[in-house]
Amino acid sequence: MEFLLAFLPLPPADLAIALLAVGAAYVIFGLAGFGTALVAAPVLAHLVPVAVIVPLLALLDGAAAATSVARDGAAADRAELRRIVPAMALGSLVGAALLLLGRPDALLLALGLFAMGYGLYALSGRRPAARWPASAAWPFGAVGGVFSALFGSGGFLYAIYLAGRLDTPARIRVTQSTLIGLATLTRVVIFLLAGVYAQGPVLALAVLLAPAMLAGNALGRRLALGLPRERFLRIMGAVVLCAGCALVWRYVRL
């Protein structure tokens, strides 16, 4: 037994905590199609180096998104994907350039306050009289891409856009999962080329946490099935509000 424990990337007690955190995070992902970093990252930061968390969650997010798309991909709205993906890609390039020029942390506060405001609005139960126009894909996609590249925290902007365009929770969730998968694929390729995944502990931890990811994602999807649209949007609003609070707290801690 001691021989086997020596190969674990974390002590058993820490690994158990990580499994619980990842399982809970992917229940949120299964429900809303985003939000894993809200739950998993703060817990994992106490257990592993911060430099490990982003590539680790990129692997798990990519796998979770691929699982969702493989199961429910037919429900994804391809027209919305064609609108928002180019904007997301352009925004990611701009975000990467800003990151190289110097991290604009003031933008983190602005994003957090916006998320909090939208989350409170969504939880109020008030709804706009009209849907977002298709042209809104560009500002939401581009700004989401910028903040995804800068801080890894732009996914909720895609969710806000899709919630204002699509009619059913299942369609919103799987389209959002597809977007997250595409965005994550870019980060995974970058980490792969940089040799991050050549480090044994990252891959070993990803493999050990994969069952919790799969179980949480499946549970979240099951909970989402049959949810009325209004309740789904309130859940999404709560997740966005938590995202905003986390971003503001992160800014304060800088």
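- Side-chain heavy atoms closer than 4.5 Å link hydrophobic residues (I, L, V, M, F, W, Y) into clusters, and following such links, even through other members, never connects Leu182 to Val174.
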For residues 85-97, tabulate all N or O donor-acceptor pairs below 3.5 Å that involve a side-chain atom, not counting sequence neighbours.
{"residue": "Ser92", "atom": "OG", "partner": "Met88", "partner atom": "O", "Å": "2.9"}

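- Sorted by first and then second residue, the pairs that involve residues 18-53 and meet ring pair (Phe, Tyr, Trp, His ring centres under 6.0 Å), not counting sequence neighbours, are Tyr26-Phe29.
- Note on Trp138 and Val143: separate hydrophobic clusters, where clusters join Ile, Leu, Val, Met, Phe, Trp and Tyr whose side-chain heavy atoms are under 4.5 Å apart, directly or indirectly.
- Side-chain contact between Leu31 and Leu219: absent, with no pair of heavy atoms (C-beta onward) separated by less than 4.5 Å.
- For residues 17-42, no pair satisfies salt bridge (Lys or Arg N to Asp or Glu O under 4.0 Å), with sequence neighbours left out.
- To the nearest 0.5 Å, atoms CD1 (Ile235) and CG (Leu123) are separated by 10.5 Å.
- Separation of atoms CG (Leu205) and CG (Leu47) is listed at 9.0 Å; rounding is to 0.5 Å.
- With sequence neighbours left out, the side chain to side chain donor-acceptor pair (under 3.5 Å) criterion links Thr36 to Asp61.
- Applying the salt bridge (Lys or Arg N to Asp or Glu O under 4.0 Å) test to pairs two or more places apart or on separate chains, none has a residue in residues 34-50.
- Here OG1 of Thr175 is found 5.5 Å from CG of Leu81. Values are rounded to the nearest 0.5 Å.
- In terms of heavy atoms, Ile84 sits closest to Ala137 at CG1-O, 3.7 Å.
- In terms of heavy atoms, Leu19 sits closest to Ala212 at O-CB, 3.4 Å.
- When the side chains of ILVMFWY residues are joined at heavy-atom separations under 4.5 Å, either directly or via intervening members, Val48 and Val207 end up in two distinct hydrophobic clusters.
- Under the side chain to side chain contact (heavy atoms under 4.5 Å, CB included) criterion, Ala21 pairs with Val43, sequence neighbours left out.
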For residues 157-164, please give each side-chain donor-acceptor pair under 3.5 Å, one per line with the distance, not counting sequence neighbours.
{"residue": "Tyr158", "atom": "OH", "partner": "Gly144", "partner atom": "O", "Å": "3.3"}
{"residue": "Tyr158", "atom": "OH", "partner": "Gly145", "partner atom": "N", "Å": "3.2"}
{"residue": "Tyr161", "atom": "OH", "partner": "Glu80", "partner atom": "OE1", "Å": "2.5"}

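- In the hydrophobic clustering of this structure, Phe156 groups with Leu113; members are Ile, Leu, Val, Met, Phe, Trp, Tyr whose side-chain heavy atoms approach within less than 4.5 Å, directly or through other members.
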For this session: Show your reasoning for whether side-chain contact (heavy atoms from CB on, under 4.5 Å) applies to Val39 and Val27.
Result: CA-CA 10 Å; Val39 179; Val27 170; over 6 Å; no

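- We find the CZ-OG distance between Arg173 and Ser68 to be 6.0 Å, quoted to the nearest 0.5 Å.
- Closest non-hydrogen pair, Tyr197 versus Pro55, comes out as OH-O, 2.9 Å.
- The shortest non-hydrogen separation linking Ile53 to Ala41 is CD1-O, 3.9 Å.
- By the side chain to side chain contact (heavy atoms under 4.5 Å, CB included) test, Val69 is found to be paired with Thr178, residues two or more places apart in sequence or in another chain being considered.
- For Pro133, the side chain to side chain contact (heavy atoms under 4.5 Å, CB included) test picks out Ser135, Ala136, with sequence neighbours left out.
- At a threshold of 4.5 Å between non-hydrogen side-chain atoms, the residues Leu56 and Leu209 count as touching.
- With sequence neighbours excluded, no residue forms a side chain to side chain donor-acceptor pair (under 3.5 Å) with Gln176.
- For Arg171 against Ala76, the heavy-atom pair with the smallest separation is NH2-O, 4.2 Å.
- Minimum interatomic distance between Tyr251 and Leu109 (heavy atoms only, all atoms of both residues): CE2-CD2, 3.7 Å.
- In the hydrophobic clustering of ILVMFWY residues, with side-chain heavy atoms under 4.5 Å counting as a link, Val52 and Leu192 come out together.
- With sequence neighbours excluded, the residues that form a side chain to side chain contact (heavy atoms under 4.5 Å, CB included) with Ala79 are Asp77, Arg82, Arg83.
- Put simply, OG on Ser177 and CD1 on Ile172 are 11.5 Å apart, with the number rounded to the nearest 0.5 Å.
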Problem set entry | From CA spacing to verdict: side-chain contact (heavy atoms from CB on, under 4.5 Å), Phe140, Trp132 | CA-CA 11 Å; Phe140 276 104; Trp132 292 114; 3.7 Å; yes

Exercise. Passes side-chain contact (heavy atoms from CB on, under 4.5 Å), Leu59 versus Met213? Steps please.
Worked result: CA-CA 11 Å; Leu59 276 178; Met213 175 272 291; over 6 Å; no

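- Residue pairs meeting the side chain to side chain donor-acceptor pair (under 3.5 Å) criterion with at least one partner in residues 204-216, sequence neighbours excluded, are absent.
- Atoms CG and CZ, on Asn217 and Arg222 in that order, are 12.5 Å from each other to the nearest 0.5 Å.
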